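Heads up: the structure comes next, in structure tokens.
Counting convention: from 1, in listed order, for ligands and their atoms alike. Numbers here are sequence positions counted from 1. Predicted model only: the values in this text are computed from it and were never measured.
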Amino acid sequence: MTKRLSSVHDYENLIDKYDTWLFDCDGVLWHGDRLMDGTVDVLRFLRAKNKRVLFVTNNATKSRVSYKGKFDQLGIEAHADEIYGSAYATAVYLSSVLKIPEDKKVYVIGMKGLEEELQSEGISYLGGTDPADNTLEPFALKDFVLDTNVAAVVCGLDLKINYTKLSKAFQYLTRNPGCAFIATNSDSTFPDAHGLLPGAGSISAPLSCALNRDPISVGKPARTMLDCIRAKVHFDPASTIMVGDRLNTDIEFGKVGGLSTLLVLSGITTETDLVESSTVPDFVTQSIGDLRAAISK
Ligand SMILES: O=C(O)[C@H](O)[C@H](O)COP(=O)(O)O
Ligand SMILES: [Mg+2]
């Protein structure tokens with residue numbers, strides 16, 4: 001049964017109850033580069049009460065280091081080792097779970113942050129931000145040279161998606177035996193400061209259609225993200241809460257991990273979604289700013 005937070009007492013009790021706070025980013029802390037009202041105050045208050053604060057985002061466009069730059073720019077205290085993105089989790093998955101051999105590489109549909117995390121895990125790659133792939137010219141299959149060392153295609157949110165990238169990925173996935181199809185995450189949309197945009201799930205969807213095959217998705221709700229966090233940070237699930245704006249990623253992720261869950265209605269999920277969904281968060285409130293009620297005391 002979901003508890004709808006409303007009174008000062010509700011917010012005070014919630015903050016007292018949990019020692020570790022995992023925050024989703026898009027739709028919770030911000031919309032694009034527009035900070036959510038109350039984000040800085042609430043995070044500062046939690047840190048002042050010696051709570052552990054971690055950031056867990058499916059947004060694969062930035063690496064942990066470049067996310068640290070965004071946090072700094074927005075005036076939010078955050079340390080690179082507190083930031084866990086699906087780009088990082090995907091690089092760890094490729095190196096530690098798939099164990100991509102050193103003489104193999106991956107074909108990337110995605111942005112610089114994903115490339116940076118692959119580099120940090122020693123994974124060779126092609127595609128991504130390569131100018132030869134970032135073209136609106138028609139793809140000429142007759143001129144394409146297949147790299148037989150490509151052992152996986154990795155697909156993340158790519159704001160410069162095009163037919164060449166999809167065609168090259170399709171060649172690797174159909175012509176390189178055993179080529180893995182990996183998505184950083186499956187979010188269908190994401191909240192920008194001015195409205196909704198197609199998310200990473202909508203970038204890999206054309207390949208799923210062409211291949212009649214879905215990718216392995218590494219981001220929330222998959223356990224991989226939590227495994228990456230637990231490999232670096234010790235916390236007790238019983239006193240940990242996941243704060244997110246999307247039921248089928250953030251709240252599912254919390255439930256799969258045995259965490260408590262707080263849904264905020266400031267991002268993707270609406271009241272109607274909540275009423276109709278079989279995914280039931282432990283708590284719900286309008287936005288992160290509501291927690292300021294506990295600060296005023
Ligand atoms: O890939 C996407 O669709 C977005 O980057 C994703 O929705 C945002 O991730 P969040 O911070 O909400 O987990
Ligand atoms: Mg979100």
closest protein heavy atom to atom 1 (O) of ligand 1 is N185 ND2, 2.9 Å
What I want to know is whether D24 and ligand 1 share at least one N or O pair that is separated by under 3.5 angstrom. yes
Who's the nearest protein heavy-atom neighbour of atom 4 (C) of ligand 1, and how far? F190 CB, 3.5 Å
Identify whether NZ of Lys or CZ of Arg in R230 sits under 6.0 Å from the centre of the six-membered ring of F235 and within 45° of that ring's axis. yes
Closer than 4.0 angstrom, basic N to acidic O: yes or no for K70 and D33? yes
Numbered atoms and elements of ligand 1 in range of C25, under 4.0 angstrom, heavy atoms: 11 (O)
Applying a 4.0 Å heavy-atom criterion (strictly less than), which segment of D26 is in contact with ligand 1: side chain, backbone, both, or neither? both
Under 2.8 Å from the Mg ion (ligand 2), the protein N, O or S atoms, given as residue and atom: D24 OD2, D26 O, D245 OD1
Sequence neighbours excluded, the answer for side chain to side chain contact (heavy atoms under 4.5 Å, CB included) partners of M111 is T61, D158, L159
Hey, is K165 close enough to D133 for a salt bridge, meaning N to O under 4.0 Å? no
Evaluate the criterion ring-ring contact (aromatic ring centres under 6.0 Å, His included) for residue pair F283 and Y11; output intermediate values, then yes/no. CA-CA 10 Å; F283 304 97; Y11 293 106; 9.8 Å; no
Residue pair I109 / I161, side-chain heavy-atom distance below 4.5 Å: yes
Check each heavy atom of K220 against ligand 1 and say whether those closer than 4.0 Å belong to the side chain, the backbone, both or neither. side chain
Identified side chain to side chain contact (heavy atoms under 4.5 Å, CB included) partner of R246 from the options D24, T189, V28: T189
Taking 4.0 angstrom as the limit and counting only heavy atoms of D187, give me the atoms of ligand 1 inside it, by number and element. 2 (C), 3 (O), 6 (C), 7 (O)
Ligand 1 to A200 polar contact by distance, N or O atoms, under 3.5 Å: yes
I need the minimum non-hydrogen distance between M225 and V56, along with the two atoms involved. CE-CG1, 3.7 Å
Side chains of I123 and V154 in contact at under 4.5 Å (non-hydrogen atoms): no
Could you tell me which non-hydrogen atom of F55 sits nearest to which non-hydrogen atom of R47, and how far apart they are? CE1-NH2, 4.0 Å
Heavy-atom pairs closer than 4.0 Å: do any link ligand 1 to the side chain of V28, the backbone, both, or neither? neither
Taking the non-hydrogen atoms of T189, is any one of them nearer than 4.0 angstrom to ligand 1? yes
Atoms of ligand 1 under 4.0 Å from any heavy atom of T57, numbered from 1 in the order shown, are 9 (O), 10 (P), 11 (O), 13 (O)
Inspect the contact between K3 and D10 and indicate whether a charged nitrogen and a carboxylate oxygen are less than 4.0 angstrom apart. yes
K220: which of D187, D250, D26 passes salt bridge (charged side-chain N to carboxylate O under 4.0 Å, His left out): D250
Ligand-side contact atoms (ligand 1) for residue partner N58, heavy atom cut-off under 4.0 Å: 9 (O), 10 (P), 11 (O), 13 (O)
